[in-house]
Amino acid sequence: MSVMPMRQDCKYFESRTYPNGETVRKCDLDLAPEAPWRCPDDCPKYTRRLADVNWSYGSLVTPETPPEPESLGSDDSIGALLDAAEDIVNAAAPDVIAEVEAERRKRRRARGPKAKGKKGKGGRGSSSGGGGLGERFRRRYRDGG
């Protein structure tokens with residue numbers, strides 16, 4: 001079996017370095033269970049990145065991939081643990097969204113009738129912008145990306 005390293009030229013590959021120096025290398029579609037080291041050999045969603053339109057790049061390049069652990073590919077317990085953690089986060093998401101929406105409704109009621117009508121076209125509260133934060137979360141989790 002051949003080993004396919006993470007495909008940095010895939011449009012779903014993401015690398016982000018945080019101020020503390022930690023770097024996340026991942027597949028945005030969560031299709032690389034052995035990330036940050038490997039992509040599946042025959043990934044059905046691999047799509048070569050054609051252009052990086054409107055991206056801003058820092059002064060550093062993607063750091064080197066950390067060395068592979070010896071158990072990579074033979075020990076499924078880490079993947080199972082990460083899947084369980086993801087299930088917990090996904091189960092909590094609807095409750096968090098409901099709390100955020102309830103807080104927004106509460107703030108709108110507290111502002112009273114003066115605030116009505118101040119929302120202009122394309123503004124933060126406008127319906128023309130694709131919905132609020134809750135709707136964007138629902139769409140993201142419903143559509144898988």
Side-chain angles (χ1 to χ4, degrees), residues 4-69 71-73 75-145:
M4 174 59 64
M6 288 295 290
R7 294 178 176 111
Q8 295 185 30
D9 62 336
C10 179
K11 78 181 212 178
Y12 301 111
F13 172 81
E14 180 180 330
S15 174
R16 180 174 297 165
T17 302
Y18 293 93
N20 67 358
E22 291 287 322
T23 299
V24 174
R25 299 165 47 89
K26 66 182 184 105
C27 170
D28 281 339
L29 300 179
D30 198 21
L31 296 175
E34 294 181 337
W37 301 283
R38 300 180 188 167
C39 285
D41 290 334
D42 54 354
C43 181
K45 295 291 186 173
Y46 169 73
T47 306
R48 186 171 178 82
R49 181 178 290 134
L50 298 177
D52 294 340
V53 178
N54 202 20
W55 286 27
S56 61
Y57 291 93
S59 58
L60 301 176
V61 295
T62 303
E64 272 191 51
T65 304
E68 289 186 5
S71 63
L72 186 65
D75 182 3
D76 294 334
S77 64
I78 294 171
L81 176 66
L82 293 174
D83 286 342
E86 183 178 21
D87 291 343
I88 291 168
V89 171
N90 288 340
D95 293 337
V96 171
I97 291 169
E99 287 177 26
V100 169
E101 288 176 344
E103 183 63 31
R104 284 187 175 166
R105 284 191 298 273
K106 184 177 171 184
R107 278 186 275 160
R108 280 190 206 120
R109 282 193 302 266
R111 286 190 299 207
K114 291 182 187 178
K116 289 182 182 178
K118 285 191 174 184
K119 297 175 185 172
K121 190 172 185 176
R124 288 184 67 184
S126 172
S127 62
S128 65
L133 179 65
E135 180 58 30
R136 287 186 300 219
F137 271 109
R138 277 193 287 281
R139 236 188 345 260
R140 181 173 185 181
Y141 285 102
R142 180 182 60 229
D143 299 339

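The shown structure was predicted, so the numbers you read here are calculated from the model rather than taken from an experiment. Residue numbers count from 1 along this sequence.
- Here Arg107 pairs with Glu103, Arg104 under the side chain to side chain contact (heavy atoms under 4.5 Å, CB included) rule; sequence neighbours left out.
- Residues satisfying the side chain to side chain contact (heavy atoms under 4.5 Å, CB included) test with Glu14, not counting sequence neighbours, are Arg16, Lys26, Asp28.
- Considering CG of Leu29 and SG of Cys10, their distance stands at 7.5 Å, rounded to 0.5 Å.
- Residues satisfying the side chain to side chain contact (heavy atoms under 4.5 Å, CB included) criterion with Asp30, sequence neighbours excluded, are Glu86.
- Here the closest non-hydrogen pair linking Asp95 and Ala91 is OD2-O, 4.4 Å.
- Counting only heavy atoms from C-beta outward, the side chains of Arg25 and Thr23 approach each other to under 4.5 Å.
- A salt bridge between Asp9 and Arg49 is absent, with no side-chain N of the basic residue lying under 4.0 Å from a carboxylate O of the acidic one.
- Atom CD of residue Gln8 and atom SG of residue Cys39 lie 9.5 Å apart, to the nearest 0.5 angstrom.
- Looking at Trp37 and Met6, their side chains never come closer than 4.5 Å, going by heavy atoms from C-beta outward.
- Looking at Thr47 and Tyr12, their side chains come closer than 4.5 Å, going by heavy atoms from C-beta outward.
- Cation-pi geometry between Arg7 and Tyr46 is met: under 6.0 angstrom from the ring centre, within 45 degrees of the axis.
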